[in-house]
**Student:** 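If you scroll down you'll find the structure; I have some questions about it.
Naming: A, B, ... by sequence-line order, numbering from 1 per chain.
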Amino acid sequence: MESGMISVDKWSSGSQVYFLTHLHADHTVGLSSTWRRGLLYCSRDTAKLFPTKFPDFNLSLIRVVEIGCWHSLSLVSPNSGSATTVYVMAIDANHCPGSLMYLFRGEFGCMLYTGDFRWEKSSNTVEVGRTMLLNALKNEKLDILYLDNTYCNPRFSFPSREVAAREIVDIINAHPEHDIIIGIDSLGKEDLLLYISRTLNIKIWVWPERLQVMHLLGFPDIFTTKTALTRVRAVPRYSFSVETLECLNTLRPTIGIRPSGLPWSMKAVKANENVFGSSRSQTHEPNRDLRSAERSHEYIYTVPYSDHLCFAEIQEFIELLQPVKIKGIVSSLSSNIEPYYFFRHLCGTKQAFWRLHQKLDNEEKLEKVGTVDIKSTIPGTSSVAGRKRKKVQFVNRVSLLRKSGHGVRIADS
DNA sequence: GCGATCAGAT
DNA sequence: CACATCTGATCGC
């Protein structure tokens, strides 16, 4: 029977209340202007932006969750059918404007749903979030951690956004006579644009809808839709291509910058090929020596500016919280796998629990993550050939899982 | 005809 | 190869 209490980033029916971590499109699949399944909890910034994405949404269904304090929800226990109270605290997820993680406490125990997040040592937001989490958990164990496992593989090593932003400014400074275009999405990377603007004392062009988002979020007046005012333009990522750059270069010398992308993963694969063999005694620091910006094309620079945490940050986060159990919130075709594949040894209590489940998980993994590159993660694992045979036959199932997207229903009966 | 869902491209 | 998003096709009402 499907009768849950709480859904996070999941919009099929059957829950009493619904939580949204942030407003990126892949987390709102199933939400629409005609929503009427129940109350929707989100951050203040997310609530502000809501009407731009869902114009006719019934705003009386939205509840703003303030960061850093416990809120109580009166719900019905799916087990007993009687009233029960659930407590929730929101923490800044440091992913995009308005993004939150949610810490829940109730009859089901204590669980944290991170949503997409970044966890940089150097970040003040992270420092605040760390304190909030530790205070909120105090002497209580975290039963389940729903984790952003987007980059949960040692191959994913990249610098803080602060470092990446400096690299981008360096690239711009190295092209004083060029126009610059930067590919961004409809939400996110605002801090990068602010940093560029402040450092170079220059305005940033954005497209009109994006300017409206900036205004709604209360960013300083450094964004403009007037092309003549600046040589730096932030453009929708989908309109950013080799063809675009080649076309622009027939008019004016122009370079494109892509914050995020693949070169760091390719390099990291080479650099870390054997890393897992010794990784249990070794920490994975973000690679500071590697010059990470890469010229992937005559006019295009790709810089590892990521709004998701890297592998080393995942490790730190798990060591901090020592959850009993971890579940990844992202399923991917090939390059990441279930977090406890790497971090089982860092989980709280109940080693027997893990031993028991490891066998099941290994079998399950073949089905869920059929195309994972075993060689680059655990060299020398036996029966690799057997796993590879499974690879093809599970591709369809993996892609189904992938389409199912993010989100979870908590405390199903 | 419209929204929801999916496949494919970027 | 990753993410997040757009376009266009298809499905269901």
**Student:** Taking only side-chain N and O atoms of A:Ser186, does any of them lie within less than 4.0 angstrom of OP1 or OP2 on C:dT5?
**Tutor:**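 Yes, A:Ser186 has a side-chain N/O under 4.0 Å of OP1/OP2 on C:dT5.
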**Student:** Please report the distance, rounded to the nearest Å, between CD1 in A:Ile329 and C1' in C:dA4.
**Tutor:**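 In whole Å, C:dA4 C1' lies 14 Å from A:Ile329 CD1.
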**Student:** Scan the side chains in residues 53-65 of chain A for donor-acceptor partners under 3.5 Å anywhere in the protein, sequence neighbours excluded, and list what turns up.
**Tutor:**
unit_1  : atom_1 : unit_2  : atom_2 : d
A:Asn58 : OD1    : A:Ser60 : N      : 3.1
A:Asn58 : OD1    : A:Ser60 : OG     : 2.6
A:Asn58 : ND2    : A:Ser60 : OG     : 3.4
A:Arg63 : NH1    : A:Ser60 : O      : 3.0

**Student:** Is there a donor on the side chain of A:Arg237 or the base of C:dC6 sitting less than 3.5 Å from an acceptor on the other?
**Tutor:**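 Answer is no: no donor-acceptor pair is held.
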**Student:** Would you tell me if any nitrogen or oxygen in the side chain of A:Thr34 comes within less than 4.0 Å of OP1 or OP2 on B:dA4?
**Tutor:**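 Answer yes for this pair, as a side-chain N or O of A:Thr34 is under 4.0 Å from OP1 or OP2.
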**Student:** Please state how far atom CZ in A:Arg210 lies from atom P in C:dC6, giving the value in whole angstrom units.
**Tutor:**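 Taking atom P of C:dC6 as the reference, CZ of A:Arg210 is at 11 Å.
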**Student:** Scan A:Asp307 against the nucleic acid and name what it touches under 4.0 Å (heavy atoms): base, sugar-phosphate only, or nothing.
**Tutor:**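 A:Asp307: no heavy atom of the nucleic acid under 4.0 Å.
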**Student:** Considering only C:dC3, C:dA4, B:dT10, which nucleotide approaches the side chain of A:Ser241 most closely?
**Tutor:**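 Given the options C:dC3, C:dA4, B:dT10, the side chain of A:Ser241 is closest to B:dT10.
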**Student:** Less than 4.0 angstrom between a side-chain N/O of A:Ser32 and OP1 or OP2 of B:dG3, yes or no?
**Tutor:**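 Answer is no, no contact under 4.0 Å.
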**Student:** Measure from CG on A:Asp185 to P on B:dT10 and round the result to the nearest Å.
**Tutor:**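 About 16 Å, once rounded to whole Å.
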**Student:** Please verify the inter-ring angle class for A:Phe117 with A:Trp119; under 30° counts as parallel, over 60° as perpendicular, anything in between as tilted.
**Tutor:**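 Rings of A:Phe117 and A:Trp119: perpendicular, over 60°.
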**Student:** Side-chain N or O of A:His95 versus OP1/OP2 of C:dC3: is the shortest distance under 4.0 Å?
**Tutor:**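 No, A:His95 has no side-chain N/O under 4.0 Å of OP1/OP2 on C:dC3.
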**Student:** Round to the nearest Å and state the distance from A:Lys189 atom NZ to C:dA2 atom P.
**Tutor:**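 That distance rounds to 16 Å.
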**Student:** Quick one: A:Trp11 CH2 to B:dT5 C1', roughly how many Å, whole number?
**Tutor:**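 That distance rounds to 18 Å.
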**Student:** Report the distance from atom OH of A:Tyr238 to atom C1' of C:dA2, rounded to the nearest whole Å.
**Tutor:**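 It works out to 20 Å between those atoms.
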**Student:** What does A:Ser239 touch in the nucleic acid at a heavy-atom separation under 4.0 angstrom: a base, only the sugar-phosphate, or nothing?
**Tutor:**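 Since no nucleic acid heavy atom lies under 4.0 Å of A:Ser239, the category is nothing.
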**Student:** Is any side-chain heavy atom of A:Phe240 closer than 4.5 Å to one of A:Thr244?
**Tutor:**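 A side-chain contact is absent here, since even the closest heavy-atom pair is not under 4.5 Å.
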**Student:** Relative to each other, are the rings of A:Trp11 and A:Tyr18 parallel, tilted or perpendicular (30° and 60° limits)?
**Tutor:**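 Ring orientation, 0 to 90° scale: parallel.
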**Student:** Is there a side-chain contact between A:Pro259 and A:Leu192, using heavy atoms and a 4.5 Å cut-off?
**Tutor:**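 Yes. Closest side-chain heavy atoms under 4.5 Å.
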**Student:** C:dC3 P sits how many Å from A:Asn149 CG, rounded?
**Tutor:**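 Interatomic distance, CG of A:Asn149 to P of C:dC3: 9 Å.
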**Student:** OP1 or OP2 of C:dA2 versus the side-chain N and O atoms of A:Thr150: is any pair under 4.0 Å?
**Tutor:**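 No, outside the criterion.
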**Student:** Which part of the nucleic acid, if any, lies within reach of A:His22 when heavy atoms closer than 4.0 Å are counted: base, sugar-phosphate only, or nothing?
**Tutor:**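 Contact class for A:His22: none.
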**Student:** Rounded to whole angstrom units, what separation is found between the OH atom of A:Tyr305 and the P atom of C:dC3?
**Tutor:**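 Result: 18 Å.
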**Student:** Go through C:dA4, C:dC6, C:dC3 for me and flag the one nearest to the A:His24 side chain.
**Tutor:**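 Minimum distance to the A:His24 side chain belongs to C:dA4.
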